[in-house]
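Report on the structure given below.
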Amino acid sequence: MTNPIAFLLGAGASYPYGVPMMSGFYRDFTEHVARRHPHCSEFLASLDARHTSPKPDLETLITDLQNILSVTTGLEALGYSESAVTSGVEMARELRGYLDAFIVDRCERFDREKSATELRPLLELSSGNALWIFSTNYDRIVEFACEANGIACSDGFDTAAPTPVANWQGAFDRAVRVVKLHGSVNWYEDDPGGALHRLDRGYSLPGHDFRLIRGDQRLRPLMIIPTLEKEALGDPYIGLAVRFTDVLKDIRLLIIVGNSLRDRHLKAYIQQRIDQLHVLMVSPLASGSRNVLLRSDRTHTLDAGISEFLGFGGAALSALRDEIAEPMADESIRVAIQRFIGKVSEQVADESSIIGNEELATSWRRLSSTSVPVRVAAVTTLGRHPHPAVVRRLRSTLATDTSQHVRVAAIDALLAVSGSAGVDTIGEVLCKDASIDVQLEAALALIRADMAKAAAPWIERRLAEVGLTPTLRLILRRSQTSVNT
């Protein structure tokens with residue numbers, strides 16, 4: 001019997017274990033260049049200046065560098081000598097070498113103990129039926145977790161013997177089948193020749209003019225991004241994409257963790273099969289991605305990080321797999337998925353999940369500090385984490401903190417993590433807080449969030465009271481006007 005569930009992992013699935021997101025990679029790399037290779041900083045800044053929206057990240061940087069490097073190939077094809085290649089191309093080649101080394105280094109420095117423990121419930125879904133895990137990440141977190149937990153894993157390379165170098169076979173035949181759709185930090189190909197190899201780890205070379213040598217062959221790293229059409233259609237990537245589409249035909253539920261589907265190829269493949277399968281999007285802001293596949297009726301969401309998802313949903317996930325593996329109507333599958341989401345959501349909402357997030361746990365503790373600036377900073381940090389427990393804590397802070405500065409910061413933070421769901425809390429602050437500054441911030445928050453209609457009862461109640469300052473009355477009247485229009 002085929003395992004009815006498969007996974008597609010993105011950067012958000014590796015982030016809790018120490019691997020940056022796309023934007024984080026870019027930010028960290030620019031800082032790295034400024035420290036270690038300052039002569040490249042001006043060139044990197046010029047690439048940055050070309051972009052207005054969205055903000056450049058790892059993907060846009062690789063695309064820019066690859067486009068520039070293509071100039072070399074074009075000039076040579078036209079018969080120009082290497083001397084005709086501009087200094088900009090040489091700088092791009094140097095920067096790409098530093099970037100490859102930086103990616104390898106950061107991807108190899110993940111939290112091995114934490115990932116091996118937390119990913120165990122996911123890997124155990126392979127018991128009885130092979131589990132397909134597709135990933136757009138370059139790191140080796142899943143493979144390492146399999147090894148640490150004694151679970152057989154195949155990734156397309158020869159698994160006959162544990163050797164430092166394995167050759168590409170294209171076979172996926174073990175309990176956990178890891179398909180690295182964009183390559184991996186330890187994948188290399190012969191240059192020239194094209195034979196594919198997996199090394200025991202990724203090797204960070206000092207620069208673009210260094211090479212890994214195996215026998216009489218140089219080894220070239222194999223990492224791509226989906227916007228590079230030519231590379232995406234080459235070996236082994238086209239075969240991996242076909243494998244993905246084949247698996248989509250056999251499963252009933254695709255669980256997408258920490259992947260926003262920026263890769264238009266993968267998104268299109270899923271959309272082609274959406275009538276025959278259900279999709280569960282898992283990320284801290286998953287509820288905002290309900291329509292990413294243009295089929296909200298078959299797309300389900302769970303607002304949770306991978307640590308919370310597996311930590312609280314491991315046993316329930318196994319039960320869900322067994323339930324939907326049985327012959328059942330499509331509507332019954334939908335109900336089973338929604339029941340699973342309900343169970344996990346209840347546990348995710350519990351404050352105990354905060355303990356596993358170092359940044360959250362630190363800010364949580366600092367809310368009890370006697371220093372007002374420290375509490376303000378803690379509230380601001382919490383405003384970056386849309387967690388149900390965070391929402392409750394911010395509400396409590398608004399009601400109990402003695403500093404108006406902290407309460408003002410808490411309004412903005414609550415607005416960031418809860419949106420319109422925080423209207424009643426902000427409305428209560430508007431009517432009950434003793435500080436005029438806090439009242440003004442609450443009124444402005446309702447306008448900024450376009451929540452005036454939902455807040456109308458609170459606005460009318462406050463306007464009916466005497467003693468309003470002219471500024472507050474003006475703001476509330478403006479809010480009331482927006483409700484009427």
Side-chain angles (χ1 to χ4, degrees), residues 1-13 59 122 125 129-137 172 177-182 225-227 229 232-233 237-306 309-310 313 316-317 319-345:
M1 180 172 59
T2 302
N3 198 319
I5 296 177
F7 285 82
L8 173 61
L9 307 182
E59 182 173 315
L122 167 61
L125 292 175
N129 304 103
L131 176 69
W132 289 95
I133 300 178
F134 297 89
S135 176
T136 58
N137 300 332
F172 297 87
R177 301 169 180 185
V178 182
V179 182
K180 308 290 283 291
L181 294 164
H182 294 169
I225 59 172
T227 56
E229 301 280 351
L233 295 176
Y237 302 108
I238 188 65
L240 300 179
V242 171
R243 184 77 65 170
F244 182 60
T245 59
D246 287 345
V247 171
L248 291 180
K249 298 175 183 177
D250 296 330
I251 62 173
R252 292 181 171 179
L253 174 61
L254 176 67
I255 300 180
I256 302 177
V257 183
N259 193 315
S260 60
L261 295 181
R262 288 179 62 176
D263 185 328
R264 60 181 179 272
H265 299 102
L266 297 183
K267 184 177 179 180
Y269 299 149
I270 298 169
Q271 288 177 315
Q272 290 170 4
R273 300 298 304 170
I274 196 67
D275 287 333
Q276 287 76 43
L277 60 81
H278 289 264
V279 174
L280 172 58
M281 305 283 293
V282 180
S283 74
L285 295 172
S287 56
S289 305
R290 184 68 180 269
N291 202 42
V292 67
L293 295 168
L294 305 180
R295 287 294 301 272
S296 58
D297 58 318
R298 303 190 69 82
T299 305
H300 314 265
T301 61
L302 175 59
D303 290 339
I306 188 171
F309 170 62
L310 296 176
L317 190 58
L320 175 64
R321 176 204 59 184
D322 295 341
E323 183 177 1
I324 67 175
E326 300 297 327
M328 57 171 37
D330 186 75
E331 176 61 17
S332 298
I333 296 175
R334 187 192 67 80
V335 171
I337 295 170
Q338 287 298 317
R339 188 165 54 244
F340 165 79
I341 292 172
K343 290 179 181 178
V344 179
S345 295

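Sequential numbering from 1 along the given sequence is applied to the chain's residues.
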_Testing Asn291, Thr299, Asp297 one by one against Arg295 for a side chain to side chain donor-acceptor pair (under 3.5 Å), which residue passes?_
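Looking at Asn291, Thr299, Asp297, the match for Arg295 under the side chain to side chain donor-acceptor pair (under 3.5 Å) is Asp297.
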At their closest point, which heavy atom of [X] faces which heavy atom of [Y], and how far apart are they?
| X | Y | answer |
| --- | --- | --- |
| Arg243 | Trp132 | CD-CH2, 3.5 Å |
| Tyr237 | His182 | CE2-C, 3.6 Å |
| Gln276 | Gln272 | OE1-O, 4.3 Å |

*Does the Asn3 side chain pair with the main chain of Leu125, one donor and one acceptor, at a distance under 3.5 Å?*
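Such a contact is found between Asn3 side chain and Leu125 backbone.
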N/O donor to acceptor pairs below 3.5 angstrom from side-chain atoms of residues 246-258, sequence neighbours left out:
unit_1: Arg252; atom_1: NH1; unit_2: Ile324; atom_2: O; d: 2.5
unit_1: Arg252; atom_1: NH1; unit_2: Glu326; atom_2: O; d: 2.6

Report all side-chain donor-acceptor pairs from residues 336-344 shorter than 3.5 Å, counting only partners two or more places apart or in another chain.
unit_1: Gln338; atom_1: NE2; unit_2: His300; atom_2: ND1; d: 2.7
unit_1: Arg339; atom_1: NH2; unit_2: Glu323; atom_2: OE1; d: 3.3
unit_1: Arg339; atom_1: NH2; unit_2: Glu323; atom_2: OE2; d: 2.5

*Quick one: CZ on Phe7 to CG on Leu317, what's the gap to the nearest 0.5 Å?*
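The distance works out to 4.5 Å.
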Determine whether [X] and [Y] make a side-chain contact, defined as any pair of heavy atoms from C-beta on separated by less than 4.5 Å.
| X | Y | result |
| --- | --- | --- |
| Met328 | Ile333 | yes |
| Leu294 | Ile274 | no |
| Leu277 | Arg298 | no |
| Ile270 | Phe244 | yes |

*If the plane angle is over 60° it's perpendicular, under 30° parallel, otherwise tilted; pick one for Tyr269 and His265.*
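If you compare the ring of Tyr269 with that of His265, the planes turn out tilted.
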_Ser345 vs Leu302, side-chain contact (heavy atoms from CB on, under 4.5 Å): CA-CA, chis, key distance, verdict_ = CA-CA 7 Å; Ser345 295; Leu302 175 59; 3.2 Å; yes
